[in-house]
Chemist: 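Take this structure, written in structure tokens, and hold onto it; I'll ask about it next.
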Amino acid sequence: MADELMVEIVTPEKIAFSGSVEEITIPGSDGEFGVLRGHAPLLSSLEIGVLSFTKDGKRTFYAVNTGYAEVTSSKVTILVETAERSDMIDKARAQKAKDNAESQLTKIDRGDYDYELLRAALARAIARISVSEKTM
Amino acid sequence: MAALKDIKRKVQAVSKTKQITKAMNMVAASKFKNSQVRMENFRPYATRFMDVLNSLALRVESDTHPLLAVRDPNRIRAICMTSDRGLCGGFNTNLIKLTERFIKEKTGEGKDVSLIPVGRKGRDYFRKKASIINDRADVFGKFDISLAVKISDDIIPPFVKGDYDELYIIYNEFVNVSVQRPVVVRLFPLPSIGKDVDIDPEKRLDYIYEPSDEVLLERLLPMYIHVLIFRALLETSAGENGARMAAMDNATRNCEDLISSLTLKYNKARQAAITAELMDIVGGTEALAKG
């Protein structure tokens with residue numbers, strides 16, 4: 001179909017998704033953005049967050065870790081260290097990770113290197129939880 | 001007769017050992033297959049990542065990044081990547097030997113060397129022999145990219161802060177199932193990226209960069225470290241199982257040799273015993289006939 005966009009989500013373990021979609025929403029580090037076919041070439045780093053796309057009228061959600069997105073007019077390549085589809089997420093575990101990270105964050109200084117690590121862990125947990133709440 | 005029984009018992013013992021080594025060989029083979037698949041699956045990620053990183057590095061003057069900072073290498077750290085488990089031939093021994101040689105050489109030059117062992121075998125060996133920063137043992141059972149991220153988090157901040165000047169990674173490069181080559185590779189300061197690659201200008205697209213290309217490169221560099229470390233982890237895991245397969249195959253063959261030579265000995269001893277008994281009987285009847 002003319003207005004479809006090829007999407008590939010590549011992680012170190014496997015190609016998590018490969019196929020054509022109608023639209024994709026990407027958590028870029030300068031803010032979330034949507035891509036349709038014919039987008040200008042773009043290279044953007046990603047924030048830990050929620051990535052979603054529509055395929056055959058159905059919306060699919062992924063929780064993604066750091067990485068980047070390479071957009072050309074007909075293809076989007078998402079390269080991320082992890083990508084978990086909403087139905088693969090253990091919500092209880094994510095909730096526990098979130099609580100854990102939150103309680104530890106209150107205990108340490110902002111300047112500490114661990115602070116950044118914990119903040120990232122918290123962001124991951126939040127992304128997982130919000131993805132797991134979405135139904136496909 | 002006692003000798004006969006002893007030999008028989010030995011044969012039984014060796015057969016049992018053979019069963020174990022054969023089973024271990026098969027387990028290693030299946031694990032090896034698994035790690036080979038993972039290496040295969042990692043390849044698209046790594047090549048794509050390198051393409052983007054290289055084309056980005058071509059655009060940006062990247063020499064200013066803290067991970068590329070060249071300092072007088074007085075304080076050196078080395079990641080020594082061994083397996084967690086033994087019984088894999090010379091896999092760990094060769095690597096440990098190389099690491100020792102490396103430490104000796106660098107200390108000989110008056111440098112201060114510390115180790116970051118990954119994998120239990122190296123940790124146990126160097127525990128009392130070298131200065132150890134932080135170790136990651138018992139990690140190969142089940143690992144993913146997050147292990148590479150954890151190791152990077154151990155090494156990147158101290159380097160940026162200037163706690164040490166050079167970082168090496170010593171691991172078994174995976175050549176094929178029966179060949180693993182221990183290598184020393186310098187990780188920090190990172191060699192300049194993208195300087196010696198030719199990218200087809202036709203293939204290079206002019207992208208919109210979000211955020212700017214400099215910031216993007218800065219964000220991708222830690223991911224590059226993850227890629228390098230994850231690859232070393234995968235190669236170690238595949239190499240370990242490949243080496244174990246070979247070692248166990250050898251052991252099984254040795255068991256077979258031992259069994260066949262013991263069986264031969266047993267048969268000879270049995271034959272000798274029968275002959276001796278026959279001689280006795282013949283001697284006895286002859287004596288009777290004479291009487």
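So you know, we letter chains A, B, ... as the sequences are listed, proteins then strands, and number each from 1.
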Chemist: Which members of residues 142-150 of chain B, sorted by number, sit under 4.5 angstrom from chain A on a heavy-atom basis?
Modeler: B:F143, B:D144, B:I145, B:V149
Chemist: Quick one: ring-ring contact (aromatic ring centres under 6.0 Å, His included) partners of B:F126, sequence neighbours excluded?
Modeler: none
Chemist: With distance as the sole criterion, is a donor-acceptor pair present between the side chains of B:Y45 and A:E13 under 3.5 Å?
Modeler: no
Chemist: Strictly distance-based, threshold 3.5 Å: is any side-chain N or O of B:D135 a donor or acceptor partner for the main-chain N or O of B:I116?
Modeler: no
Chemist: Under 3.5 Å, side chain of A:K91 to main-chain N/O of A:E133, donor-acceptor pair present?
Modeler: no
Chemist: Side chain, backbone, both or neither: which part of A:T82 has a heavy atom under 4.5 Å from chain B?
Modeler: side chain
Chemist: In terms of heavy-atom pairs under 4.5 Å with chain A, which of B:L216, B:L234, B:V215 leads?
Modeler: B:L216
Chemist: Would B:D165 and B:R71 pass as an ion pair if we require N to O under 4.0 Å?
Modeler: yes
Chemist: Enumerate by number any residue of residues 30-41 of chain B whose heavy atoms lie under 4.5 Å from heavy atoms of chain A; in the absence of such residues, state 'none'.
Modeler: B:R38, B:N41
Chemist: For chain B, which candidate among A:P12, A:S45, A:S44 shows the most heavy-atom pairs at distances under 4.5 Å?
Modeler: A:P12
Chemist: Could you grab the distance from atom CD1 of A:I26 to atom CZ of A:F33, nearest 0.5 Å is fine?
Modeler: 4.0 Å
Chemist: Is the closest side-chain heavy-atom distance between A:I108 and A:L118 below 4.5 Å?
Modeler: yes
Chemist: Under a 4.5 Å cut-off applied to non-hydrogen side-chain atoms, are B:I155 and B:I225 in contact?
Modeler: yes
Chemist: Charged N to carboxylate O below 4.0 Å: is that the case for B:R77 and B:E166?
Modeler: no
Chemist: Are B:S131 and B:S114 close enough that a side-chain donor and a side-chain acceptor fall under 3.5 Å?
Modeler: yes
Chemist: Output every pair passing salt bridge (charged side-chain N to carboxylate O under 4.0 Å, His left out) with a member in residues 226-241 of chain B, not counting sequence neighbours, ordered by first then second residue.
Modeler: B:E240-B:R244
Chemist: So which atom in A:L43 and which in A:Y68 form the shortest heavy-atom distance, rounded to 0.1 Å?
Modeler: CD1-CD1, 3.9 Å
Chemist: Please flag which part of B:R219 lies under 4.5 Å from any non-hydrogen atom of chain A: side chain, backbone, both or neither.
Modeler: side chain
Chemist: Name the region of B:F49, side chain, backbone, both or neither, that has any atom closer than 4.5 Å to a heavy atom of chain A.
Modeler: both
